[in-house]
Amino acid sequence: MDVQLYLSVLGKLNKTSLSDPESFFVANNIIIENEIIPSAMPIDSDNVHNEILSSDLPDGTSQLWKYTVNMYRIFIDIKRLLDRLKIEQSSGTIDLEHLAVSIQICCKFGLEPYLHPSMAKNKCFSTTYRADDIRSSEECYDRLSLGMKTFSQLLLLKEFGEHIQFEEVLLTFLAAVFSTTRNDSHLIHSILDQIYEITPEKHFHTLLILKSNPSLPAHLQKMLHRELMKRLVCPNGFEVLCKTLIKTGDDHTNDPIWKLSSAVFDIVGRKGHQKEFYVAVIDGIFQFFKKCIQSKELEKYVEACVGSLSRIYGLNIDEVSNKVITLLFGRLDELYSPKEIFAGFIALDSHEFTELILINYACFCSSVHVALPSEILVPYLRILCQIFSQIEVTDLRDKIATPIVQCLHNREPTELKSIIDSLLFTDNDNYLQSMHPRIVVKSNSQTSEHKCVVTKASDLNFFDASECLINILKSSGNNILTYNVFIHLFGILTDDGNTSQSKSDLIQSEDELTHLMSQVFKKRVAVYYTLSELINHKPLHYQINENSSEMLSICITILRNRLTDPDNGTQNDDHSTVLVLSIIKEFLEKLKFTQQFDEFLKILQQLKAQSGHSEIVNQINSILVALNHSPQTTTSQYCEKSPFVMAKEMCEESEPHLKVYGLMQFIKLMRTDKDTETINNKHAVLAISLICLRNDDSYVFLNCIKLLIVLCDVLESEVLEMLIAEYQSTENDVDHRLKIGEVIVKVVEGLGPMSYNYKNILINCFLRESTSNINEVRLSSLSNLSSICRILSYQIHNFFQEMMVILKSVIQNDDYLPARRSAVMVLTDVIHGVENLLDFQEILLPVYQTLRDVANNESDRSVRIHAESGLQRLNSKIKDFLIPKQAEHKEIQIFNVKNNEDKKCRFVDLNLK
């Protein structure tokens with residue numbers, strides 16, 4: 001019979017039949033009246049088809065079951081005809097809507113009446129019809145088995161899977177499969193696998209609906225759970241589960257994402273499975289996890305992935321936990337021990353690098369109930385810090401810092417101290433792994449991509465752990481963690497004298513010298529530098545004020561140790577004492593309300609009387625004055641503000657003219673009045689001037705420069721070091737860095753010949769920044785380099801070769817035209833500053849060759865003009881050197897002088913020849 005004829009008759013059947021047995025009888029009478037008889041099957045056809053078409057009906061069988069079997073035969077014949085049309089590729093567009101409706105109706109009377117009683121209680125099965133002609137459970141199983149075999153063939157129709165009736169039929173079919181304990185046949189399982197491949201989400205959804213029935217007995221629950229877990233470990237099984245349960249939007253549930261996600265990891269992370277199951281699921285989770293972090297459309301599934309990993313890791317199964325750690329940090333292990341060590345080998349490409357950072361950020365920075373325990377991140381903290389220090393300020397850099405901060409914040413005080421000590425005071429140990437010394441992070445400023453490559457043995461990257469830790473803490477906003485780190489480092493000062501070598505002992509061997517330089521000296525430098533940087537972090541001051549008693553207790557311990565053994569005091573002890581006293585100033589207002597205040601005053605007076613260090617005495621005097629306990633301070637002065645305090649308050653005002661007045665007051669106090677309090681607080685004045693530099697007002701800017709020049713008299717190189725640090729800091733915006741570069745040049749101009757003492761740090765700064773990835777910074781550095789060379793009277797012999805290499809690189813390779821022009825101008829200015837050619841003879845040839853090459857080959861006209869100007873100037877100087885001009889001299893003749901006693905002369909004739 002033709003398929004179209006079948007479908008037309010089924011269309012009439014659908015119009016007549018309803019969801020009750022009597023209507024079904026009437027509809028089947030239409031089929032009998034039209035004599036629709038399924039065609040005979042070939043001998044070599046499918047055995048399942050033959051079994052259904054040739055099934056015998058015993059005596060006493062109800063009319064409903066007869067008609068149902070008759071429909072089975074018709075459905076199977078239609079399936080056979082459709083398969084034949086597909087083979088012949090002549091199916092065209094056949095509408096199976098009538099077939100889908102007929103299958104749905106037949107399913108109600110062919111499967112639902114024979115389901116397990118507890119399975120039939122599911123609210124999805126609303127039929128009230130039960131088969132009354134069943135004489136034994138064996139007969140019930142036979143009917144259910146025949147129905148399952150029929151519908152298993154129909155569910156494989158790809159066209160049927162697109163209709164809305166498919167999911168209801170699939171639900172009834174799976175209920176029938178699990179209604180009998182004899183559902184373990186190879187055929188049924190093969191059919192289930194094929195159905196899952198066609199519609200995995202619907203398959204998962206149907207299993208979850210059946211499993212949600214609370215009235216199911218234990219054996220049925222176990223069977224459904226086993227099937228669900230089997231599908232979960234299939235390829236993309238976890239992905240299908242997430243997409244099935246986590247659906248949002250107008251057409252779905254309004255439950256929040258976290259609630260839907262919790263249903264996922266409740267299923268995945270349940271106890272009781274074998275470790276092989278969890279290992280297989282972990283692979284599926286990571287496969288889907290990598291897709292989610294790279295796609296905005298899949299971001300809603302990230303929480304389910306992280307929560308599932310966290311639940312599985314929390315089961316404390318060694319092999320499973322190691323699997324999670326390997327997949328999370330396997331890439332970091334490759335940075336610790338790379339597969340290959342040759343220059344240019346890519347340890348992590350840009351995609352792998354980004355994926356690694358995003359996965360770790362999602363795993364450890366999610367909500368508390370979802371995120372993985374941060375303790376597993378501890379061994380990799382040093383590697384993450386090294387990566388953080390080598391990339392510029394981007395969103396990716398923040399995603400590296402946040403897990404580090406989260407991990408440090410969650411540690412116990414003892415463990416935190418061990419981590420900080422290992423990070424700052426050792427280069428590599430078993431506690432914190434370190435990146436291989438030849439692996440560096442290369443960044444592409446244009447594409448914002450990063451990759452880890454093996455570099456040359458001569459191009460190793462220096463890792464400053466102190467600087468890295470300071471930047472992470474300052475950018476984190478976690479003031480409690482910053483305070484805890486500060487307290488730990490501050491407390492190290494109390495043990496510094498006890499743990500180090502005796503001050504009176506001399507170094508006896510080279511090993512002791514090596515230990516002193518690599519351990520003791522490095523530790524002190526790291527502690528002093530980190531403390532001095534953190535104390536300038538304003539949010540830390542609030543924490544110090546809130547915990548002033550604890551801070552004062554530590555300070556008293558340090559000062560008491562200094563008093564205990566004054567004869568063995570060294571310069572290091574003096575530095576630490578000055579540092580402690582300067583830190584005390586930051587929370588003076590709270591000191592009066594502490595219980596140890598009187599003891600603190602007593603120790604200060606003793607230390608003042610005992611110490612011979614002028615800086616310590618000045619610091620103590622300024623503290624006593626601030627606390628109104630100085631013997632030279634009268635009662636009337638208690639209520640008056642000092643000039644230093646008044647100038648400081650003026651600088652803190654928002655109005656520009658008030659800031660200008662405060663800066664002028666500081667200049668007057670330091671240069672003219674030599675005010676003791678202001679000089680003792682010179683570091684505070686420097687900090688104020690750096691803050692005022694961020695003001696846009698030009699008068700504030702100019703007075704800041706004047707104040708910085710005055711500060712150079714008392715702070716020496718510290719002013720320029722701070723300005724250079726600001727200029728090189730990538731955390732500052734480009735405009736501020738350019739302004740700081742201008743300030744450095746102005747300060748050097750103000751210092752005049754005195755700036756010669758700072759030429760090394762100045763030249764190194766601008767040479768380094770002339771290779772920056774930021775065009776404006778390169779241009780600024782080259783321009784400033786030219787100005788510095790001029791101010792230093794072109795004393796450039798020591799660094800000429802390095803400068804020449806960088807300038808050549810810029811001229812030949814830089815795509816930014818203004819930078820190339822500026823580099824040529826530097827060479828032209830060098831020629832201009834040459835006074836004696838004999839003193840500069842070793843640099844003339846490289847400069848001449850470079851300028852000549854630019855003048856002949858450069859495409860930009862302005863660059864060529866600069867180069868030609870330099871060549872002309874060099875030509876003129878060589879001519880003057882080879883053909884010197886006749887020197888001019890003065891001759892004074894005096895006439896008509898009669899004697900020596902005559903004091904008056906008639907005239908004086910001045911001739912210039």
Side-chain angles (χ1 to χ4, degrees), residues 152 155-156 158 161 166-167 170-171 173-174 177-178 183-184 186 188-212 221-248 252 257 260-295 297-315 317 319-321 323-324 326-328 359 362-363 370 372:
S152 66
L155 289 172
L156 295 179
K158 188 176 181 180
F166 176 83
E167 193 163 352
L170 177 62
L171 177 66
F173 173 75
L174 291 179
V177 169
F178 293 102
N183 66 339
D184 56 350
H186 176 73
I188 292 298
H189 283 289
S190 176
I191 296 297
L192 289 178
D193 292 340
Q194 295 180 54
I195 294 174
Y196 175 78
E197 291 178 3
I198 296 174
T199 56
E201 290 189 30
K202 291 181 180 179
H203 191 92
F204 254 111
H205 186 241
T206 304
L207 287 174
L208 293 172
I209 291 175
L210 294 176
K211 199 171 184 303
S212 64
Q221 285 280 7
K222 186 176 181 180
M223 291 166 59
L224 286 168
H225 184 73
R226 188 185 300 116
E227 176 67 16
L228 186 63
M229 296 302 103
K230 176 184 176 182
R231 300 306 166 194
L232 191 57
V233 297
C234 290
N236 302 323
F238 180 79
E239 178 179 352
V240 174
L241 177 64
C242 290
K243 292 181 177 179
T244 302
L245 291 179
I246 305 176
K247 293 183 177 181
T248 58
H252 302 96
I257 293 292
L260 299 175
S261 300
S262 64
V264 174
F265 46 78
D266 282 344
I267 294 173
V268 175
R270 180 171 296 181
K271 295 181 179 180
H273 299 289
Q274 295 181 349
K275 61 183 179 181
E276 290 78 11
F277 166 80
Y278 295 116
V279 171
V281 171
I282 290 172
D283 289 328
I285 294 173
F286 266 94
Q287 182 181 0
F288 185 49
F289 195 2
K290 293 176 182 179
K291 295 181 183 178
C292 295
I293 60 174
Q294 301 289 351
S295 172
E297 297 178 355
L298 301 178
E299 281 183 351
K300 60 184 179 181
Y301 303 116
V302 169
E303 189 170 351
C305 296
V306 176
S308 300
L309 289 175
S310 181
R311 286 289 183 90
I312 293 175
Y313 182 84
L315 297 174
I317 303 174
E319 186 176 342
V320 175
S321 301
K323 177 77 172 180
V324 174
T326 301
L327 290 175
L328 276 177
I359 285 179
C363 286
V370 175
L372 275 83

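Worth knowing before you read on, the calculation uses all heavy atoms, side chains too, and leaves out hydrogens, waters and symmetry mates. Along the sequence shown, residues are numbered consecutively beginning with 1.
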Within this structure, what is the [atom1]-[atom2] distance for the pair [X] and [Y], rounded to the nearest 0.5 Å?
X    : Y    : atom1 : atom2 : result
T206 : L170 : OG1   : CG    : 4.0 Å
I359 : L328 : CD1   : CG    : 7.5 Å
E239 : C292 : CD    : SG    : 7.5 Å
Y301 : K291 : OH    : NZ    : 11.5 Å
Q274 : M229 : CD    : CE    : 13.5 Å

Inset, instruction - Could I get the full list of side chain to side chain donor-acceptor pair (under 3.5 Å) partners for K323, not counting sequence neighbours? - result: D283
Restricting to non-hydrogen atoms, name the atom on [X] and the atom on [Y] that form the minimum distance, rounded to 0.1 Å.
X    : Y    : answer
V324 : F286 : O-CZ, 4.2 Å
C363 : F289 : SG-CE2, 3.5 Å
I257 : K300 : CG2-O, 3.6 Å
F238 : A304 : CZ-O, 4.0 Å

Inset, instruction - Please test L241 against L208 for side-chain contact (heavy atoms from CB on, under 4.5 Å), starting from the C-alpha separation and ending with a verdict. - result: CA-CA 10 Å; L241 177 64; L208 293 172; 4.3 Å; yes
Side-chain donor-acceptor pairs of residues 262-269 under 3.5 Å, sequence neighbours excluded:
residue : atom : partner : partner atom : Å
S262    : OG   : K259    : O            : 2.5
D266    : OD1  : R311    : NH1          : 2.8
D266    : OD1  : R311    : NH2          : 3.2

Inset, instruction - Step by step, work out the side-chain contact (heavy atoms from CB on, under 4.5 Å) result for L309 and Y313. - result: CA-CA 6 Å; L309 289 175; Y313 182 84; over 6 Å; no
Inset, instruction - Return the set of residues passing ring pair (Phe, Tyr, Trp, His ring centres under 6.0 Å) with H205 (not counting sequence neighbours), or none when no residue passes. - result: none
For [X], all residues meeting side-chain contact (heavy atoms from CB on, under 4.5 Å), sequence neighbours excluded:
X    : value
V320 : K275, Y278, V279, I282, I312, I317
E201 : V240, K243, T244, K247
R231 : L192, D193, Y196, H203, F204, L207, E227, C234

Inset, instruction - With side-chain contact (heavy atoms from CB on, under 4.5 Å) as the test, would you mind laying out the steps for K222 and R226 before giving the verdict? - result: CA-CA 6 Å; K222 186 176 181 180; R226 188 185 300 116; 3.6 Å; yes
Legend entry - Donor-acceptor under 3.5 Å (S310 side chain, V306 main chain): no
